[in-house]
Engineer: 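Next up is a structure, given as C-alpha cells.
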2 protein chains.
Amino acid sequence: MRSLSRAMEVFAELQRAERPQRLSDLARTCGMSLPTTLRILRVLQDFGMVSQTDKSYRIGPAVLPAARSYLENDPLVVAARPVLQQVASQTGQTASLYTRLGFERILVARVDGESPLRYDLPLGKRLPLTVGAAGKILVASASEEELQQVVAAAIAAGHESSAFTVKELRSRLPEAGVDYAYSADERATGVLSVAVAVPNRSGQPSESIALTSPVETATEPALKAAVPELRRAANRLSELLEGSVY
Amino acid sequence: MRSLSRAMEVFAELQRAERPQRLSDLARTCGMSLPTTLRILRVLQDFGMVSQTDKSYRIGPAVLPAARSYLENDPLVVAARPVLQQVASQTGQTASLYTRLGFERILVARVDGESPLRYDLPLGKRLPLTVGAAGKILVASASEEELQQVVAAAIAAGHESSAFTVKELRSRLPEAGVDYAYSADERATGVLSVAVAVPNRSGQPSESIALTSPVETATEPALKAAVPELRRAANRLSELLEGSVY
DNA sequence: AAGTTCATTTCATACAGTGAAATAGTATTG
DNA sequence: CAATACTATTTCACTGTATGAAATGAACTT
C-alpha cells in the first residue's frame, strides 16, 4: 500500500505545516516526485480531505464530520464522558482523557471542574508523552528502547522542554509499584496534575485519565489523595469497554 | 490512484456506519475483496485514522488533530470568525458559516447570538443542500442537471424531509434577482433563517453564511431586514480571502 | 524580455495492488 | 461437545496501476 501510505504522509505534513503548502514544498518535504504528489492531492481533494486555492493546499473540511463521528460514536470516548463527569464533580478538578497516538498523546475528552483551566479547549491537541502526568503514565512501563524512541520523537516533534535524555525522563516517571504519575509545572507552569492509566488487555496502556488543577486551587497532597478515586474511574471505564461489543 | 480512492471510501463508510464495523461488512459495503479491505485498514490504522478492537474497526483518534488543524489554520475559517462575531452582535442572532462538500454542506463556524439555538454545537455536522436557507443559497444558481444530482444525493443520504423533486426544490429556492435564501421550519421546526452566499472567483459559491433564530425571538421581516448586514459580512469575508495569500 | 521556478501532461517501465484460493481461526448450531 | 458455518488472514501469480524522467506549458522574477 505504498500510495496510501504516501497519501497519509502528505496529509500529515499538511497538518504539521499549519499553513497552506505549495505542491513543490509538499513533494520535497515528503520526499516524492511532483506528479505523484499531485495525483495524491487530487484524490484527497475529491474527498474533501484537502482544499486547494490557487496553488496552495491545506487540510479540507471533510475532517470535521470525521472528527464529529469519532467524538460521537467511539465507544471509548462515549463511555468516558460520564466517568469523567463523575470524577470531576467528586473531586472538583478538571478530568481529562488522553489517548496515545504514535509517540504523542491526544486529548479526546474533558470535563471541567470547579475552577476550569482556561487555556482554551484543547480537544484534539497533540501533546508529548515525555511531559505531564498523563503522558508519563503511558510510558511508565515502557522498555528501554521504547523510551529512547519516545524521547527522540518528542525532540523531533519540537515539544516544549522535552530536550531530555532517557535518564532524565526516567527520573520523572513513577517508581516501581506506583500506578499513577504526578506532574507540577511540567507542561504548563502553575498547573499540577495526577494521572492513571486505563487498563486494557495488552500490557501497554494506550489511554490515561488525569486530574488537573491550577496551583491556586489544589496542593500536591490534595491531588494525590484523589488518586484512588481516579483509579476507580479508570477501572470502571475499562470494564465498560470490555463489556460493550466495542 | 485506485487504492487511495478505495481507502477513502472505506474511511467514509466507517463514518456513515456510526458504529464499529467488521472487516467483512466493510468489504461488502464498499464492494471490494477482503484482502484489499484488510490491507487498507491496516495502513489507515498505522496512521491512527482507524482504530481496531478485536474484530471491529472504527474511526481513529488521528481525525481530532486534523480537525483542530483545520479549525485553527484554515484561512476561510480563521477569517470568518471575527466577521461572524460582528454580525452576531449587530443582529443579536446566531451567525453560522457553512461550506459545501460534495452534495452536502458542513457547519464550520458558529457564533451564538443573544438567544442561542441550543441544539448542541453541531460543528462538523453534515446537512443537506436541499433544506434550510444556507443550503438552498448554495444551489440557487445551479443548473437543472446539478439540481437533479442534489436532490438524488439528499435522498440517498437519507436527509430528513428531502423527499423532494427538483420542481419542489426549485419552488423554495430564491427567485431570480434575489441574492439570499429564507427558510422557516425547514430543517428544524420553530427555526427561521436567512442566508447569503460568500462570493468567490468561480461562479458557483461553495460557502454561505446564515443568521438563524428561534421563532420566539425573531420574525420573518426582522430577519430579512438583516440581509444587507449579512451581505456586507459575506463580501467582507470574500475580500479578506482574496487579500491573503490563502 | 530573458530567465527561473513551478505546475502539469505524457509515456514506458516496474512493481505494487489485486482477488482467487488455501489456511487458520472463531462463532454457531444441533 | 462435535460438526458446521462464517470470518479473518496469508500466499501467490498476474495484471494494471502507480511511478518518475522528461517534455511541455504556465507563472512569476529579475
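Numbers restart at 1 for each chain; the letters A, B, ... are given by sequence-line order, proteins then strands.
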Engineer: Let me know the distance between CG of B/Leu34 and P of C/dA22, rounded to the nearest Å.
Structural biologist: 16 Å
Engineer: Rounded to the Å, how far apart are A/Asp54 CG and C/dT8 C1'?
Structural biologist: 16 Å
Engineer: Checking A/Tyr57 against A/Gln21: is there a side-chain donor and acceptor pair closer than 3.5 Å?
Structural biologist: no
Engineer: Within this structure, what is the CD1-to-P distance between A/Ile40 and D/dG20, rounded to whole angstrom?
Structural biologist: 9 Å
Engineer: Does D/dT17 have its OP1 or OP2 closer than 4.0 Å to a side-chain nitrogen or oxygen of A/Arg2?
Structural biologist: no
Engineer: Regarding B/Ser33, tell me which of base, sugar-phosphate or nothing describes its non-hydrogen contacts under 4.0 Å with the strands shown.
Structural biologist: base
Engineer: Using whole Å, report how far CG of B/Leu41 lies from C1' of D/dT7.
Structural biologist: 14 Å
Engineer: Grab the CG-P distance between B/Asp25 and D/dA8 for me, whole Å please.
Structural biologist: 7 Å
Engineer: For A/Thr36 and A/Met32, indicate whether the former's side chain and the latter's backbone hold a donor-acceptor pair under 3.5 Å.
Structural biologist: no
Engineer: What does B/Arg42 touch in the nucleic acid at a heavy-atom separation under 4.0 angstrom: a base, only the sugar-phosphate, or nothing?
Structural biologist: sugar-phosphate
Engineer: Here's a test of your reading of the structure: between B/Arg39 and B/Ser24, which maps to the more 5' nucleotide of DNA chain D?
Structural biologist: B/Ser24
Engineer: Out of D/dT7, C/dT9, C/dG17, which has the shortest distance to the side chain of A/Pro35?
Structural biologist: C/dT9
Engineer: Does B/Arg22 come within less than 4.0 Å of B/Asp25, counting only side-chain N to carboxylate O?
Structural biologist: no
Engineer: Given C/dT18, C/dT8, D/dT9, which nucleotide is nearest the side-chain atoms of A/Leu23?
Structural biologist: C/dT8
Engineer: Could you check how far CZ of A/Arg6 sits from P of D/dT17, rounded to whole Å?
Structural biologist: 18 Å
Engineer: Can we say B/Arg201 and A/Asp54 salt-bridge, meaning some charged N sits less than 4.0 Å from an Asp/Glu carboxylate O?
Structural biologist: yes
Engineer: Heavy atoms under 4.0 Å, any strand shown: does B/Met32 hit a base, just sugar-phosphate, or nothing?
Structural biologist: nothing
Engineer: Once you round it to whole Å, what is the distance between P of D/dA18 and CE of A/Met1?
Structural biologist: 9 Å
Engineer: What's the closest nucleotide to the B/Lys55 side chain, out of C/dT8, C/dG17, D/dA8?
Structural biologist: D/dA8
Engineer: Between OG1 of A/Thr99 and CG of B/Leu64, what distance do you get to the nearest 0.5 Å?
Structural biologist: 9.5 Å
Engineer: Whole angstroms only, please: what is the CG-P distance between A/Leu38 and C/dT10?
Structural biologist: 12 Å
Engineer: Reckon B/Thr36 has a side-chain N or O less than 4.0 Å from the OP1 or OP2 of C/dG17?
Structural biologist: no
